[in-house]
Protein chains: 2
Amino acid sequence: MNLILLDTEHQLDQGRYLLSDRQQAHISKVIKAKSGDILRVGVLNGKMGEGQYEPPSDTSPGYIHFISLTQSPPKPLPMVLVMALPRPNMLKRTLQNISAMGVKELYLIHSAKVEKSFWQSPVLQTESIRQSLMEGLEQAKDTVMPRCSLVPRFRPFVEDQLPAILQGKVGLLAHPYFAKPCPVDIKDPCVLALGPEGGWNEFEVGKWLEMGMESVQIGERILKVETVVPVLLSRLYPSL
Amino acid sequence: MNLILLDTEHQLDQGRYLLSDRQQAHISKVIKAKSGDILRVGVLNGKMGEGQYEPPSDTSPGYIHFISLTQSPPKPLPMVLVMALPRPNMLKRTLQNISAMGVKELYLIHSAKVEKSFWQSPVLQTESIRQSLMEGLEQAKDTVMPRCSLVPRFRPFVEDQLPAILQGKVGLLAHPYFAKPCPVDIKDPCVLALGPEGGWNEFEVGKWLEMGMESVQIGERILKVETVVPVLLSRLYPSL
């Protein structure tokens with residue numbers, strides 16, 4: 001946690017923000033801050049700067065006050081990431097990476113090779129997703145919460161939603177076969193579609209291509225989803 | 001596990017290799033292979049191809065036989081990675097990523113901000129490191145085991161070992177301050193030195209620069225070590 005991200009929902013009054021249990025635990029145990037210490041803070045979807053820490057007392061939980069916010073958050077990645085829903089045990093770390101790297105628009109969609117049971121996982125609850133994305137922001141020192149949409153059906157997404165999302169962007173389908181090498185350091189915004197373990201099936205690949213996506217590959221090595229996300233984003237936008 | 005990596009130490013006779021407990025468990029529970037099934041295999045530090053599976057019986061553990069090896073492993077990254085020893089809970093995943101991405105020479109070294117206790121962690125035992133690196137190879141479909149050296153003292157490494165390692169390579173020091181942007185898609189081999197959480201201290205940065213390294217940065221965002229490794233390697237060598 002390189003930034004304490006203050007949530008306007010936890011704003012006590014104009015200058016005071018309550019800390020969440022997770023933030024309080026980090027400040028007490030890792031930062032070991034005392035009353036009056038200055039900490040790096042940011043306001044969710046707002047600016048970053050410094051704030052003074054007041055630890056919990058008998059009458060009040062811990063909070064941050066006397067906040068001065070002068071710094072803008074880092075630039076977002078100009079892209080929309082569409083991913084087949086990863087295995088639940090990989091989702092938390094993958095979401096943290098996605099949010100830490102500056103993706104602001106994310107769709108988790110169904111694909112033939114995504115096990116149906118993944119959609120029932122508790123890690124998909126709104127609060128759990130928000131928590132992982134927030135941890136990514138606090139790691140990277142960013143304040144802007146990504147939008148994450150869950151789309152449990154493949155075809156309506158690709159046929160009905162994709163055309164509008166793709167407007168004005170390059171469409172890249174990560175797919176290891178019959179693909180040209182994924183471009184490096186692109187200047188345009190893009191939509192990147194990342195398949196499940198085992199890849200998109202033939203029908204799905206056909207649909208993506210039909211909608212104007214182009215298939216790209218990153219070489220012979222097969223990487224885990226939590227590794228392939230930073231690899232691809234860094235390759236597409238190395239300077240951001 | 002996209003490849004069963006057979007260890008010459010477990011070779012029964014010319015055409016048969018015993019499976020490790022971990023491989024046996026994966027074949028039984030995930031692949032659910034039966035007697036005679038053909039699996040993708042590779043021989044450690046050798047070629048890749050196919051082999052026939054024989055499950056464990058009352059008289060013998062499981063093994064692979066009738067092996068045909070025709071395919072070469074993917075190209076290695078032309079680099080030496082020098083890392084401050086990461087936190088033990090990040091080490092396993094970081095080693096897997098490093099090996100999956102094709103690094104073949106790795107030094108884990110001490111730095112002022114590495115807690116001394118990290119060097120006592122059981123994840124640093126030779127067998128545990130080898131296991132993580134092997135899992136990375138089996139993930140990526142590679143056979144060539146990286147060399148990993150543990151260097152618990154900073155200064156003798158930089159002063160005595162680094163000059164020979166650096167010969168004929170570009171030296172890049174990942175460091176967020178007073179640094180130019182990390183280059184993209186470089187053609188030369190390199191030594192990349194990656195600091196601990198909190199970065200190299202002033203003395204260490206001075207030493208690296210004195211030895212001919214150049215400091216480079218990847219932008220405002222602070223990423224976890226397990227994320228920054230794929231980000232940097234993909235940025236330096238996107239086409240490998």
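Keep in mind that what you see is a predicted model, and the values were worked out from it rather than measured. Chain A is the first sequence line, chain B the second, and so forth, proteins listed ahead of strands; every chain is numbered from 1. All heavy atoms count here, side chains included; hydrogens, waters and symmetry mates do not.
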Asker: For chain B, find which of L3(A), L233(A), N2(A), V229(A) contributes the most heavy-atom pairs closer than 4.5 angstrom.
Answerer: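 Winner by heavy-atom pair count: N2(A).
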Asker: What is the distance from atom CD of E226(B) to atom CG of N97(A), rounded to the nearest 0.5 Å?
Answerer: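 Reported value, rounded in 0.5 Å steps: 6.5 Å.
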Asker: Kindly check if the number of other-residue, nucleotide or ligand heavy atoms within 6.0 Å of CG (D21(B)) is above 12?
Answerer: no
Asker: Between E220(A) and K75(B), what is the shortest heavy-atom contact and its length?
Answerer: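 Looking at all heavy atoms of both residues, the closest pair is OE2-N, 4.5 Å.
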Asker: Let's go through Q139(B) and K224(A) carefully: what are the C-alpha distance in whole Å and the side-chain angles of both, what is the deciding distance for side-chain contact (heavy atoms from CB on, under 4.5 Å) to 0.1 Å, and is it a yes or a no?
Answerer: CA-CA 7 Å; Q139(B) 164 67 38; K224(A) 284 190 201 171; 3.6 Å; yes
Asker: Quick one: what part of P74(A) sits under 4.5 Å from any heavy atom of chain B, side chain, backbone, both or neither?
Answerer: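 Contact with chain B is through both the backbone and side chain of P74(A).
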Asker: Distance-only, no hydrogens or angles: does the R221(B) side chain make a donor-acceptor pair with backbone N or O of A100(A) under 3.5 Å?
Answerer: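 Yes, R221(B) side chain to A100(A) backbone: donor-acceptor pair under 3.5 Å.
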Asker: Quick check: under 4.5 Å, non-hydrogen atoms only, which of residues 79-87 of chain B neighbour chain A?
Answerer: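 Not one residue of residues 79-87 of chain B has a heavy atom under 4.5 Å from chain A.
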Asker: Verify the neighbour count for atom NZ of K113(A): are there more than 12 heavy atoms of other residues, nucleotides or ligands below 6.0 Å?
Answerer: yes
Asker: Heavy atoms only: give me the nearest S234(B)-V231(A) pair and the separation to one decimal.
Answerer: OG-O, 2.7 Å
Asker: Looking at P238(A), G136(A), G102(A), which makes the most heavy-atom pairs under 4.5 Å with chain B?
Answerer: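 Among the listed options, the one with the most contacts to chain B is P238(A).
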Asker: Got a sec: does the CZ of R147(B) have more than 12 other heavy atoms crowding it under 6.0 Å?
Answerer: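 No.
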Asker: CG/L223(B) to CD/Q96(A) distance, rounded to the nearest 0.5 angstrom?
Answerer: 12.0 Å
